[in-house]
Amino acid sequence: MKTLIVGGQIVTATDTYVADILIEGERVALIGRDLASTVQADRTVDATGKYVLPGGIDVHTHLELASWGTVSADDFFTGHVAAAFGGTTCHIDFANQARGHSLREALDAWHARAEGKAVIDYGFHVSITDPRPEVLEEMAQLPTWGVTSVKLFLAYKGVYQLSDGDFFRVCRRAAELGLLPIVHAENGDVIDILVREALARGETAPIWHAHTRPPQAEAEATARAIWLAEMAGAPVYIVHLTQRDALAAVANARARGRPVYAETCVQYLFFTAEELARPDFEGAKWVCSPPFRTREDCEALWQGLARGELAVVSTDHCPFNFAGQKDLGRDRFDHIPNGVPAIEDRLIMLYHAGVHEGRLSLHRFVELTSTAPAKLFGLYPRKGTVAVGSDADVVIWNPSARHVRSARTHHMNVDYNLWEGWEVVGRPEQVFSRGRLIVDGDRFLGTPGSGQYLQRTAPTLL
Ligand code: URP
Ligand code: ZN
Ligand code: ZN
């Protein structure tokens, strides 16, 4: 199958130019002017007046995650459909090691979830929760299984949290093996005490989720993760960074020349803890960890993106329905499933508030949503750019289309949208996954099972 995309403005992290693209099979075969005069294609798509972008890469998602006594509402089919409608053609999910089990068992369990359902390409980080000596040994296998990043938790005491000693041991082993440690940085011990004390006082409302996870718990754990990784000789990537002091810790380390990276998630650029105080338990829709912070923190994150202190914008997509799932915590905030839906909104909201409203350049938008994720997580240049030889994961983006975000029209399998009723400018119109047109306007054309597992290579440290 040959597809010719003509007349679009190709945008990469570094270049913008008008050219035609020939897709042959799964790859970009040619880029040039006036290709229609020399190439016979099976299908021609007119992209005049549109941007042609590399497909988005979301490196932080939780599809079909069993947690808080329920399961996140998007699986590897519905989540992929939603991702595709939002211009995302690749994601990396988390295979969580269960205590007493091996890393291979975790990966097998997550491969089974994706089997036969995947529409876009996907990879896995492995979360190490039980680093017994044999598990540290087993880490050597991860690159052969296509996994080049390991997730470590300094939060969720009694579930996923590692001691500082275990964290250090895993980082040192990761450094030996060329793996990238990625970290949920909040002080789980302090949070555990604050939650117990709040419950003992009878504080049960969603806002207490934010009150019991203070910004200092994130700032402290971020700084600690950075120093522990440095002592272990490892690079480190902080996931879902939400606030200014944690950002300062990352910026300081980078100023010292350390290989320290951080992502924020698109929702943290928009919302504050005030959302959790909404009446009638509606605040539960915004319960996620770390919690939403203040308007000043949102502003600091935008500046961190523009200044290059933050490397990536992801989502931490972990959707739970308001009715029937968030409900589990009606009587106590610590039983509210943690997580929000955003996989479909990421590019749209970042483009609208970032590029359209003038906070980010178009190149930086592509870098944050596709190129840097591809480089840091061992997918570049197969993914993350529009170039001859790269996978034809291509998004045709209409920069002036106005539309309204709503749970009534989104494709995520969840009964609310964080940006309900917001009018935004810019959206994907056509989405190609390895040369297959999977979204055309409002129509979904993908096939379950066509998404491929990605064998990732070593991280390219930026
Ligand atoms: O609230 C969140 N973030 N839920 C997903 C698990 C995690 O910590 O990333
Ligand atoms: Zn987390
Ligand atoms: Zn997460």
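Treat the numbers as computed from the prediction; the structure is a model and nothing was measured.
- Using a distance-only test at 3.5 Å, with no hydrogens or angles considered, no donor-acceptor pair links the side chain of Asp93 to the main chain of Phe124.
- If you check the side chains of Thr16 and His363, you find a donor sitting under 3.5 Å from an acceptor.
- At least one side-chain heavy atom of Trp397 sits less than 4.5 Å from a side-chain heavy atom of Tyr351.
- Every residue was checked against the ring-ring contact (aromatic ring centres under 6.0 Å, His included) condition with Phe333, not counting sequence neighbours, and none meets it.
- Between Ser289 and Tyr156, the shortest heavy-atom distance links the atoms CB-OH, 3.5 Å.
- At a threshold of 4.0 Å, the pair Arg27-Glu24 does not count as salt-bridged, since none of the basic side-chain nitrogens sits closer than that to a carboxylate oxygen.
- Looking at heavy atoms from C-beta onward, Thr70 lies in side-chain contact with Phe320 at the 4.5 angstrom threshold.
- Ring geometry for His352 against His356 counts as parallel: the plane angle stays under 30°, on a 0 to 90° scale with 60° as the upper cut.
- Note on ring orientation: taking the six-membered ring where Trp is involved, the planes of Tyr122 and Phe76 are perpendicular (angle over 60°, cut-offs 30° and 60°).
- Ring to ring, Phe377 and His91 are not that close: their centroids are 6.0 angstrom or more apart.
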>> Working note: Leu53 + Val394, criterion side-chain contact (heavy atoms from CB on, under 4.5 Å); need CA distance, chi angles, decisive distance, verdict.
In response: CA-CA 6 Å; Leu53 311 175; Val394 172; over 6 Å; no
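- Phe270 is linked by a ring-ring contact (aromatic ring centres under 6.0 Å, His included) to Trp419, Trp422, counting only residues two or more places apart in sequence or in another chain.
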